[in-house]
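Encoded as structure tokens, the structure appears first; notes follow it.
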Amino acid sequence: LFLQSTQAEKMVEKEGYLQKAKIADGGKKLRKNWSTSWIVLSSRKIEFYKESKQQALSNMKTGNKPESVDLCGAHIEWAKEKSSRKNVFQITTVSGNEFLLQSDIDFIILDWFHAIKNAIDRLPKD
Ligand code: I3P
């Protein structure tokens, strides 16, 4: 049973490219800087890779770590007012990190929003 839940935690639920901007780190505001990120969602975390999936895979072998976001207790909400871009939502972590994610393609951003929201709702809040 333990083994099963460990494997479940590692299982990738969704991955793909989105535009990403980190706007706060530990509650401290950051200058907004949009860039393309390869995003990997598993049951309790999101990993952001700066590079293409291909590049990310080869970097993993050399021990290069992606930015990892703990979804336990995190919040997700649409954030129309935070950007001039369309289709932007925000993830806020317990540790006070804030990320905006965006895609011009409606169904892509909707799929991501619901996948991340479902993951958060399944997790304990603390
Ligand atoms: C920012 C950049 C961002 C923009 C942001 C600007 O300027 O143009 O793309 O966010 O707007 O401040 P800079 O590169 O000089 O930092 P959006 O694309 O999300 O609108 P903001 O300050 O209104 O967030």
Side-chain angles (χ1 to χ4, degrees):
L1 198 67
F2 175 72
L3 194 70
Q4 277 178 352
S5 74
T6 307
Q7 283 170 345
E9 280 188 11
K10 284 182 188 157
M11 241 159 66
V12 170
E13 300 195 352
K14 188 170 176 61
E15 54 185 341
Y17 291 105
L18 288 178
Q19 297 300 308
K20 184 201 89 168
K22 187 174 184 180
I23 57 167
D25 187 276
K28 188 174 175 285
K29 291 286 171 209
L30 298 175
R31 179 168 172 186
K32 192 196 276 168
N33 183 19
W34 287 104
S35 64
T36 303
S37 185
W38 176 256
I39 297 174
V40 179
L41 171 67
S42 49
S43 58
R44 57 167 302 153
K45 68 178 184 210
I46 299 175
E47 289 175 325
F48 294 122
Y49 295 86
K50 287 195 193 76
E51 329 79 351
S52 67
K53 183 182 189 182
Q54 211 75 0
Q55 190 63 46
L57 286 171
S58 75
N59 282 355
M60 267 187 262
K61 290 176 200 147
T62 62
N64 202 330
K65 289 277 190 307
E67 176 158 32
S68 182
V69 175
D70 182 7
L71 291 177
C72 259
H75 290 278
I76 182 169
E77 60 192 349
W78 292 104
K80 237 183 173 47
E81 72 293 348
K82 299 248 174 122
S83 175
S84 61
R85 299 178 175 212
K86 67 183 240 179
N87 297 342
V88 176
F89 65 77
Q90 176 172 334
I91 299 168
T92 306
T93 67
V94 167
S95 58
N97 294 344
E98 297 174 8
F99 301 90
L100 300 181
L101 295 175
Q102 189 266 343
S103 168
D104 285 337
I105 302 163
D106 297 359
F107 80 86
I108 289 181
I109 202 70
L110 275 172
D111 278 0
W112 272 103
F113 183 87
H114 290 119
I116 295 169
K117 189 170 180 357
N118 286 340
I120 289 172
D121 289 348
R122 281 197 308 263
L123 288 167
K125 297 287 169 268
D126 43 31

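Position 1 is the first residue of the sequence; numbering continues from there. Each ligand, and each atom within it, is numbered from 1 in the order the structure gives.
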**Prompt:** Does one hydrophobic cluster hold both F99 and W38, with members joined at side-chain heavy-atom distances below 4.5 Å?
**Reply:** no
**Item:** Over all atoms of both residues, closest heavy-atom pair of I105 and N87
**Value:** C-ND2, 3.9 Å
**Message:** Please determine whether a side-chain nitrogen of the Lys or Arg among K50 and E67 lies less than 4.0 Å from a carboxylate oxygen of the Asp or Glu.
**Reply:** no
**V88 reachable from I116 in the ILVMFWY side-chain graph, under 4.5 Å edges** = no
**Candidate list R85, K86, K80, test side chain to side chain contact (heavy atoms under 4.5 Å, CB included), partner S83, passing option** = R85
**Message:** At less than 4.0 angstrom from any atom of ligand 1, which residues have a non-hydrogen atom? List them by chain and residue number.
**Reply:** R31, K32, W34, S83, S84, R85
**Message:** Using every non-hydrogen atom in the two residues, find where A119 and L41 come nearest and quote the distance to one decimal.
**Reply:** CB-CD1, 4.2 Å
